[in-house]
Amino acid sequence: MVGRGALLVLGSVVSVQVGQAIGKHLFADAGALGTVALRLGIAAIVLLGWHRPALPSTRKEFALVAAFGAAIAGMNLIYPALTTLPLGMATTLQLLGPILLALLTSRGLAEVGAAGFAGFGVWLFHGPGGGAPFAGIAFALASGASMAAYLLLSRTAGRRSETASTLSLAVAFAAILWLPAGIAQSGAALLAPEVLLVGALVAVLSAVVPYSLDLAALRRIPPRTVGVLESLEPAVGAIAGLVVLSEVLSAPQWVAITCVCTAGVVAVTGSREARSRSAA
């Protein structure tokens, strides 16, 4: 179970980072907000057409869809962050959300050390030689907080028999939240054939595929395990940024990525040890 779940998460990581790198190419034509609107709008059309979900019939079901969709919408703040940050840097800051989730579910010296590593990594991004603007960091951190909420809500949705329906409706809800901003920024440019084509590719790679893989994985492994596996995202993001976008990170930025990734591994490892002691 864990092995299959891990492969699903790794597939999600690679897909979303490649999709985000391609999405950054759209900024010149569609803007960051327009890119998000295309990404979520097309993803919603694909998922709704594929799963044909029924509308929520109870307040509890609607609340889950709305919360899940709001978390997905918040995760897309990574795109405004990418207007000023390299992909590898933005993804590293986003990872702090899952790291915090792991830290809040365990206590110990290892977790304190992990928090220190993560904090030092953030300081390096904004400190001397990091060159990261505050606005980009703020957007990336907000995206990370939404990712933590997404992981917990995905776990709840993953226990339900109508998981695919919940996902489809949540992505549609997120698209509704983002469409006004995307249209306001880019207008008719979003309907250009070449923009729609690239937008469809971004939607499939960075939304349809990873969201589906994440839900499947979270039925098999806990959010904390997903969090440590997603510690690979900064490395994959940095490679995708280098290959697709020709983004070269500085030495302090690479050190920052290493610190945050280390924090992720330590945080979840500490969580596992704490659970083992509790079981004993």
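Values reported hereafter were calculated over all heavy atoms of this structure, with side chains retained and with hydrogens, waters and symmetry mates removed. Keep in mind it's a predicted model, so treat the numbers as computed, not measured.
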Any non-hydrogen side-chain atom of [X] less than 4.5 Å from a side-chain atom of [Y]?
X: V260; Y: P234; value: no
X: P80; Y: L33; value: yes
X: E233; Y: T92; value: no
X: S143; Y: N76; value: no

ask   = Are L87 and L26 in one and the same hydrophobic cluster, where Ile, Leu, Val, Met, Phe, Trp and Tyr link if side-chain heavy atoms are under 4.5 Å apart?
value = yes

Show me, pair by pair, the donor-acceptor contacts under 3.5 angstrom made by side chains of residues 197-209, not counting sequence neighbours?
residue	atom	partner	partner atom	Å
S206	OG	R39	NE	2.7
S206	OG	V202	O	2.5

task = Only pairs at least two apart or in different chains count here, so list each salt bridge (charged side-chain N to carboxylate O under 4.0 Å, His left out) that has a residue in residues 239-253.
result = K24-E247

inquiry  = Give me each pair satisfying salt bridge (charged side-chain N to carboxylate O under 4.0 Å, His left out) with a member in residues 85-99, each pair once, sequence neighbours excluded.
reply    = none

Strictly distance-based, threshold 3.5 Å: is any side-chain N or O of [X] a donor or acceptor partner for the main-chain N or O of [Y]?
X: S146; Y: A142; answer: yes
X: R52; Y: L48; answer: no
X: H25; Y: V244; answer: yes
X: E61; Y: S57; answer: yes

Distance in Å, I78 CD1 paired with L141 CG, rounded so as to fall on 0.5 Å steps = 9.5 Å

request  = Determine the interplanar angle of the F68 and Y150 rings, folded into 0 to 90°, and report it as parallel if under 30°, tilted if 30 to 60°, perpendicular if over 60°.
outcome  = parallel

